[in-house]
Structures are given as structure tokens and as C-alpha cells.
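Worth knowing before you read on, the calculation uses all heavy atoms, side chains too, and leaves out hydrogens, waters and symmetry mates. The sequence lines fix the lettering, A, B, ..., with proteins before strands; numbering per chain opens at 1.
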Amino acid sequence: MKKNTQNSDFQHIGNKLLDWYKENARDLPFRQTKDPYKIWICEIVFQQTRISQGLNHYNNFIRRFPDVQTLADAEEDEVILYWKGLGYYSRAINVHKASQQIMNDYNGVFPSQYEDILKLKGVGKYTAAAISSICFEGKIPAVDGNFYRVLSRVFADNFDISNSRAFNYFSALAEMIMPQNVGDFNQAMMDLGSEICKPKNPLCHECPLQEDCLAFSMNKTSEFPVKTKKIKTEDLHLKYYFVHRNGRFLIRQRKDDFIWKKLFEFPDSISEKLEPFSKGTKTISHKLTHKNLTIEVVDVEVTSEAVWNEFVTQNQYIITDLEASHEKSFPKPLENYIQNQK
DNA sequence: CAGACGTGGTG
DNA sequence: TCACCAAGTCT
């Protein structure tokens, strides 16, 4: 406690940040509440996701699932549906499980202690700190990519952010500049990191920390943060069959622990009897963080009802159509393929 | 614990 | 164009 109130040469930095935040905080829907449920959902939605990309998903999610009870009572597939197009779909599965954890373990009351929040599925150290500080006056820095970037620049610190100890390292730095109001401090760091201290071409002339920033004084902001580990991508080839008849087509739910877990997809094989119905093939290229996908989709229009029925029955595929498919969550490239059928 | 997990924006 | 990155967590 005391280290936050005295003996810190750097705490003025945190206070400057707070002053800046009072004038420059972004007006976002989750900024007007301390409801831990809403803050939690917001923190999960915006993991590795820009505000502009996730804002509609956040609003739609809160409208449909306004509280823990509603979310816990929902079907998993509907929760995943509300994550459609957002990516990192395990987040949807995890918030659903966590809502049931809250119902079972905390009688539906969102836990207020950092250690309890941390036990929730899908909630790690960053998110637990954010919820704790914003909703319950916890005094823990919510160290994320913005903290890495801002702190490494302010202190011209070349600690490698790909190192697994980076979280602890930058947490200690954060505590040196952290003021009493940690909730606003954490949110101020996020706003500064995304609006001013951007990865490329930071707006240093607008930055409240400019005169404290060592990287700026050395004209070396582009050299921080240091990140040695490069992402390596591999090529992957997928093949699907768009098996359809009279406007209806076949899908199934992915069950494995590969990409797009629990999302829906097309059959990836057909029987010999269907092969004569194959028409054209379309090739889609789709990039993931770690994979360059090439997806081949074969259009199979089944003009024989007997063959269609046999294939559906033997493989237990789900029959859907353009309209009903809106109620299912598909990977983006398959969603695009379906929309192009119109 | 290093690698996997999505999508869209950016320079 | 394409590598990098954006409010991380899980295994």
C-alpha cells in the first residue's frame, strides 16, 4: 500500500495519465457502468480485438444476455451464435461456462475478490485485474499489450515482451507509476495505448507523458517494445462439399479441438454415389494468425432425392437453408460462401 | 510453457 | 502485397 503513496519517483507519471484521462476518455458503452457482468463481457470481447471490430458484438450480446442468469440459462450454441464473426470462439464457450460457475459457486452474485474472479473460465490475470480494479476498487494493474508498449517506451526498457516473464516484469513497472485510482489508471493506459501510444506512428506530440518518455527523448519510439519471437505460419489445405438440393444444404458441427471448435461446417467427404452430382469447385484463401488456409469447396447439387436422403441419413448431417443458416455460427470463409449463394 | 486460437485493420 | 498487430487465455 505504502509504495503507492510515497517513495515513488515515478508516480507523477500515473497522475498525469489520470489527468489526461479525465479530459480524453473515450465515450464507450461500458464506461458508464460498474456492473461487473458488463465489464467482464466487455473485457472478454475486446481481448485481441479492436473496439471498432467488437462494439456491435458487445452491444448485441448484452442486449440478448443482460445478466449472469440469462447467460447461464442460454444454450451454448446461441452464445456461440452471438460470437459469430468475432473470432477466438473459445471465449464464447468460456463465458457461458463461467456464468454457470457464478450461478453455482457464488449464488449468481459476481465474485468481488481477485482470486475468485481469476477462477472463472476464460478469465486470466489481465481480465481479473481489470474487473477487480474497475468494479471493486482492486489495486492491481491490468497489464496488457498497451502496458507493454507504453511502459517499454516511457522507460526505454528493452525487456523482451515475448518472454513469458514479461507479465510479471511489466506489472512491477506499472506499480511504480500506479496512482490510487487503479480502475481509471488501467483504463487510461488502454486509451493512451490505442489512441496515442500506438504501435506504429505514435502521436507523441499529443502525449501527456512526452516529457517523461525516454524513448521519445532518444527519438527511438519505434524500437519499443522489443519482441523477438516471430509468428510462423504454415499452409493448410481444407476441402469441403457444398451438398445441396432445392435450396437446402448440409452442415455439421465441429467437435474436435482444432480451429473453429463447435462452429458449423460443410461435409468434408462425400459418397461415391454423390460424385456424379459434382459441378464446379471454388477455391478460397483465408489467413489466420498461424495458418494460411486454402479452402476448396466443391458444389454438389443432388438431383436425386433417394441419393440425398441416403447420404443425409447415413452421415447424420443437419439440413439447413439460407434463411435458417443465420441461426448457426460458421467460420468466416464458410459464412461468406453461404452468403454468396444468394 | 511455447504454441494454438480468428478476424480485420494498417503501413 | 503481406507481416505485424489488437483490452489474452488455455493447454
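The aromatic rings of F170(A) and Y148(A) are tilted relative to each other, their planes meeting at an angle between 30° and 60°. Using the six-membered ring where Trp is involved, F46(A) and F30(A) have ring planes that are tilted, between 30° and 60° apart. Ring planes of F330(A) and F249(A): tilted class, angle from 30 to 60°.
Distance check on atom P: dT10(B) versus dA7(C) gives 14 Å, rounded to whole Å. dC1(B) sits 11 Å from dC10(C) when the C1' atoms are compared, rounded to a whole Å. Across dC4(C) and dG3(B), the matching P atoms stand 15 Å from one another, rounded to whole Å. To the nearest whole angstrom, the two P atoms, one in dG8(B) and one in dT9(C), are 22 Å apart.
Within 4.0 Å of T127(A), counting heavy atoms only, lie sugar-phosphate atoms of the nucleic acid but no base atom. In this structure, V123(A) reaches the sugar-phosphate backbone alone: every heavy-atom distance under 4.0 Å involves primed, P, OP1 or OP2 atoms, never a base.
In this structure, G145(A) and K230(A) both approach DNA chain C, and ranking their closest nucleotides by distance from the 5' end singles out K230(A).
Atom OH of residue Y337(A) and atom OH of residue Y240(A) lie 13.0 Å apart, to the nearest 0.5 angstrom. M103(A) CE to Q100(A) CD: the interatomic distance, rounded to the nearest 0.5 Å, is 9.5 Å.
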Intermediate values then yes/no, side chain to side chain contact (heavy atoms under 4.5 Å, CB included), K125(A) and N168(A): CA-CA 10 Å; K125(A) 287 186 285 188; N168(A) 287 338; 4.2 Å; yes
Worked verdict on K16(A) versus D19(A) for salt bridge (charged side-chain N to carboxylate O under 4.0 Å, His left out): CA-CA 5 Å; K16(A) 276 190 196 175; D19(A) 290 341; over 6 Å; no
From CA spacing to verdict: salt bridge (charged side-chain N to carboxylate O under 4.0 Å, His left out), R252(A), E265(A): CA-CA 6 Å; R252(A) 65 175 178 185; E265(A) 64 181 354; 3.2 Å; yes
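N163(A) has its CG atom 8 Å from the P atom of dA2(B), to the nearest Å. Remark: C1' of dC5(C) and CD1 of I161(A) are 10 Å apart, rounded to the nearest angstrom. Counting to the nearest Å, the C1' atom of dG8(C) and the CD1 atom of I231(A) are 14 Å from each other. Across the protein-nucleic acid pair, N292(A) atom CG and dT1(C) atom P stand 14 Å apart, rounded to whole Å. Whole-Å rounding puts the I93(A) CD1 to dT11(C) P distance at 11 Å. Atom OH of Y21(A) and atom P of dA7(C) are 14 Å apart (whole Å). Atom pair I44(A):CD1 and dT9(C):C1' shows a separation of 9 Å (rounding to whole Å applied). The separation between D191(A) atom CG and dA7(C) atom P is 10 Å, rounded to whole Å.
Within 6.0 Å of CZ in R254(A) there are more than 12 heavy atoms belonging to other residues, nucleotides or ligands. In the displayed structure, E137(A) atom CD is contacted under 6.0 Å by at most 12 heavy atoms of other residues, nucleotides or ligands.
A donor N or O paired with an acceptor N or O is not found under 3.5 Å between the base of dA2(B) and the side-chain atoms of R165(A).
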Nucleic acid footprint by protein, nucleotides 3-11 of chain B - heavy-atom cut-off 4.0 Å, B for base, S for sugar-phosphate alone: -BBBBB--S
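Within a heavy-atom distance below 4.0 Å of DNA chain B, no residue of residues 28-41 of chain A is found.
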